[in-house]
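These notes are about the structure you will find just below.
Nothing fancy with the numbering, it's 1 onward along the sequence.
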Amino acid sequence: MADPKGFMTTQREEWPRRSVEERARDWGEVYVPGALLPIISAQADRCMDCGVPFCHEACPLGNLIPEWNDLVARSDWRAASDRLHATNNFPEFTGRLCPAPCEAGCVLAINQPAVTIKNVECAIADRAWEEGFVPPRPPERLSGKTVAVIGSGPAGLAAAQQLTRAGHTVAVYERDDRIGGLMRYGIPEFKMEKRHLERRLEQMEAEGTRFRTSVTVGRDVPATELRARYDAVVIATGATAWRELVVPGRELGGIHQAMEYLPLANKVREGDLAVSPLSARGRHVVIVGGGDTGADCLGTAVREGAASVTQLDIYAQPPGARDEDAEPWPTYPKLYRLSAAHEEARELRTAPAADADARLFAASTLRFTGDAEGHVRALHLVEVDERRSPLPDTERTLPADLVLLALGFSGPDREDGLIDQLGLRTEPRGTLARDGGFGTGVPGVFVAGDAARGQSLIVWAIAEGRSVAAAVDRYLTGESWLPAPISPYDRPMAV
């Protein structure tokens, strides 16, 4: 550790955000450009280099956090980049999109604010690109083996990059017109500008990974044909089967899934559309669902110029500090957190009826009502207790011209035929079944990411991609030097 007293003498300081007034008028990332580097070395110095770093356990990637914290504190950016990339293919993604369970597991967080691990990670990744520390790493020789990866989200891309670097010829199949999965069309530009994704894809192409866009495996190409063409297949299609809200009035026009709304807004940013057909401009928007996807919808609707935006969360408002009895350190606690989108909604007063920022907590949707043309005009809700039972005399009505359902995902979509054509087994919750080696039971077919794990975090997706790559490499060659940070059965730390 560069400064053994750093955690006592330096206060936690996070990457400052641009003013709400400024950032709500554009789609750039919310942080002040250039404001991270001047503070990050001192922040890295707060790392205690503790004897048992629980941040390792909290992060499924096994990131060597104390090591690269120390290197950043000493301004050794090249070595820090090497240590960071040793465990994480895409730290510029996780440094922006991950909710940082590593910080919840930081030993300093027992009685002080945690080290800003996520900010340090992002600073290393950005500096590495600026200084040219991450050139393409094509394999020295090819194995002669071929692998198809279906899906180009973080799990699929991590698996593809690892297998390409191991010498296999890898092709990534993506049903959308661009590579990236949810990082492309599900994550708004203000959370991660797509230039970060583009530069990684350029690196992967230079290493030898091939990309096939606008190809739905199971529909455009039979899954059995793809399996016969390649020595191994990795399914990393994600959990794209969204959950529904079964209440009266759901059939009304103007009620859409979040993943119908967000991709269109992203296509506007890509230049494919002048205006989204589901634009929130001038409309009263209600978002049903209190998670990150709902917050992404909130920030998008604010930038589109909605008349009002309210977000409903069925859970009670969480506390501002960890409940040590219910969620002891080092688990990731459920806390009241103010995302950039919620901060914008609070300052702009997008939802005058909300409890806090734009959210109504402990709120359950009863029904929708509409106009004579069959378009939604109101959402009727009721307050609920901790068992989600309605409380008497608490029914309320919110104006709603556009309703967005952000209720999560149950597993992979079966409509394309991929699952049935390969004869894959599914778990009762809808995810794909697999064994301890990421295999599906069909020889040469493996599965990784949310398609098997269920809806999870980006760090778990990348860890799954790295681990399945090791399993596939071993299947193809009999052994593997590729790292496998997790098993299919590993789960986040919990009580």
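Within 6.0 Å of atom CD in E395, more than 12 heavy atoms from other residues, nucleotides or ligands are found, so the atom counts as buried in its surroundings. Around the CG atom of D385, the shell of radius 6.0 Å holds more than 12 heavy atoms that belong to other residues, nucleotides or ligands. In the displayed structure, E324 atom CD is contacted under 6.0 Å by more than 12 heavy atoms of other residues, nucleotides or ligands. Shown here is R425, whose CZ atom has no more than 12 heavy atoms of other residues, nucleotides or ligands within 6.0 Å. Residue Y336 places its OH atom among more than 12 non-hydrogen atoms of other residues, nucleotides or ligands, all under 6.0 Å distant. For CD of E21, the number of neighbouring non-hydrogen atoms (other residues, nucleotides, ligands) closer than 6.0 Å is 12 at most. Other residues, nucleotides and ligands contribute at most 12 non-hydrogen atoms within 6.0 Å of the CD atom of E57.
With 3.5 Å as the limit, one finds no donor-acceptor pair spanning the side chains of D296 and Y261. A donor and an acceptor atom, one from each side chain of H380 and T369, are located under 3.5 Å apart. Counted by atom type alone, D450 and Q455 present zero donor-acceptor pairs between their side chains at under 3.5 Å. N119 and E13 are not linked by any side-chain donor-acceptor pair at a separation below 3.5 angstrom, with hydrogens and angles left out of the test. The closest side-chain donor-acceptor pair between S214 and D176, if any, does not fall under 3.5 angstrom.
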(message) Checking K191 against D292 for the salt bridge (charged side-chain N to carboxylate O under 4.0 Å, His left out) test, could you report, in this order, the C-alpha distance in whole Å, the side-chain angles of both residues, the deciding distance, and whether it holds?
(response) CA-CA 11 Å; K191 285 184 70 174; D292 288 342; 5.4 Å; no
(request) Take D401 and V285 through the side-chain contact (heavy atoms from CB on, under 4.5 Å) test and state the conclusion after the steps. (result) CA-CA 6 Å; D401 306 314; V285 181; over 6 Å; no
(request) Please test D126 against R96 for salt bridge (charged side-chain N to carboxylate O under 4.0 Å, His left out), starting from the C-alpha separation and ending with a verdict. (result) CA-CA 11 Å; D126 289 353; R96 288 172 167 82; 2.8 Å; yes
(request) For the pair R175 and T237, evaluate side-chain contact (heavy atoms from CB on, under 4.5 Å) and give the outcome as yes or no after the intermediate values. (result) CA-CA 9 Å; R175 64 181 181 179; T237 53; over 6 Å; no
(message) With side-chain contact (heavy atoms from CB on, under 4.5 Å) as the criterion, how do M204 and F211 come out once you've worked through the C-alpha distance, each side chain's angles and the decisive distance to 0.1 Å?
(response) CA-CA 9 Å; M204 291 180 66; F211 296 114; 4.0 Å; yes
(request) Check the pair E464 / R434 against salt bridge (charged side-chain N to carboxylate O under 4.0 Å, His left out), numbers first and verdict last. (result) CA-CA 13 Å; E464 289 247 347; R434 59 183 176 179; 2.7 Å; yes
(request) Carefully, step by step, assess F190 and V302 under the rule side-chain contact (heavy atoms from CB on, under 4.5 Å). (result) CA-CA 12 Å; F190 58 82; V302 166; over 6 Å; no
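Distance check, rounded to the nearest 0.5 Å: CD1 of I65 to CD of E103 gives 8.5 Å. Taken from CG in L61 to CG in L84, the straight-line distance is 9.5 Å, to the nearest 0.5 Å. One distance of note links CD1 of I458 with SG of C98; it measures 7.5 Å at 0.5 Å rounding. Rounding to the nearest 0.5 Å gives a distance of 12.5 Å between CG of L298 and OG1 of T293.
Counting heavy atoms from C-beta outward, L366 and L381 have side chains that stay 4.5 Å or more apart. Taking the side chain as every heavy atom from C-beta outward, L312 and L379 approach each other to under 4.5 Å. At a threshold of 4.5 Å between non-hydrogen side-chain atoms, the residues P66 and H56 count as touching. Put simply, the side chain of Q203 reaches to within 4.5 Å of the side chain of W129, judged on heavy atoms. Contact of the Y315 side chain with the R388 side chain is registered, since non-hydrogen atoms from C-beta on lie closer than 4.5 Å. A heavy-atom distance below 4.5 Å is not found between the side chains of F93 and N88.
The side-chain contact (heavy atoms from CB on, under 4.5 Å) with R12 is formed by just one residue from the set L108, V115, T116; it is T116. Checked options R199, R200, E193; the residue passing with H196 is R199 (criterion: side chain to side chain donor-acceptor pair (under 3.5 Å)).
Under a 3.5 Å cut-off, the side chain of E427 and the backbone N or O of A433 do not form any donor-acceptor pair. For the pair H375 (side chain) and D371 (backbone), a donor-acceptor distance under 3.5 Å is absent. A donor-acceptor pair under 3.5 Å links the side-chain atoms of S152 to the main chain of G180, judged by distance alone. A donor-acceptor pair is defined here as one N or O able to donate and one able to accept, closer than 3.5 Å; no such pair exists between the side chain of E174 and the backbone of G153. E327 contributes no side-chain N or O that, together with a main-chain N or O of P333, makes up a donor-acceptor pair within less than 3.5 Å. R25 contributes no side-chain N or O that, together with a main-chain N or O of V20, makes up a donor-acceptor pair within less than 3.5 Å. Listed for the T10 side chain is no donor-acceptor partner under 3.5 Å among the backbone atoms of F7. A donor-acceptor pair under 3.5 Å is absent between the side-chain atoms of R453 and the main chain of Y489, judged by distance alone. Formation of a donor-acceptor pair under 3.5 Å by the D70 side chain with backbone atoms of E67 is not found in this model. No donor-acceptor pair closer than 3.5 Å links the side chain of T394 to the backbone N or O of V382.
Salt-bridge annotation for E344 and R23: present, with a side-chain N of the basic residue lying under 4.0 Å from a carboxylate O of the acidic one. R349 and D357 are not joined by a salt bridge, as no carboxylate oxygen comes within less than 4.0 angstrom of a charged side-chain nitrogen. A salt bridge links E343 with R17: the distance from a Lys NZ or Arg NE/NH1/NH2 to an Asp or Glu carboxylate oxygen falls below 4.0 Å. The pair D416-R219 does not count as a salt bridge, with every side-chain nitrogen at least 4.0 angstrom from each carboxylate oxygen.
The ring-ring contact (aromatic ring centres under 6.0 Å, His included) search around W15 returns Y31, not counting sequence neighbours.
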Donor-acceptor list for residues 270-279 side chains, cut-off 3.5 Å, not counting sequence neighbours:
from: E270; atom 1: OE2; to: R184; atom 2: NH1; distance (Å): 2.9
from: D272; atom 1: OD1; to: R178; atom 2: NH2; distance (Å): 3.0
from: D272; atom 1: OD2; to: R178; atom 2: NH1; distance (Å): 2.6
from: S276; atom 1: OG; to: L278; atom 2: N; distance (Å): 3.1
from: S279; atom 1: OG; to: R281; atom 2: N; distance (Å): 3.2

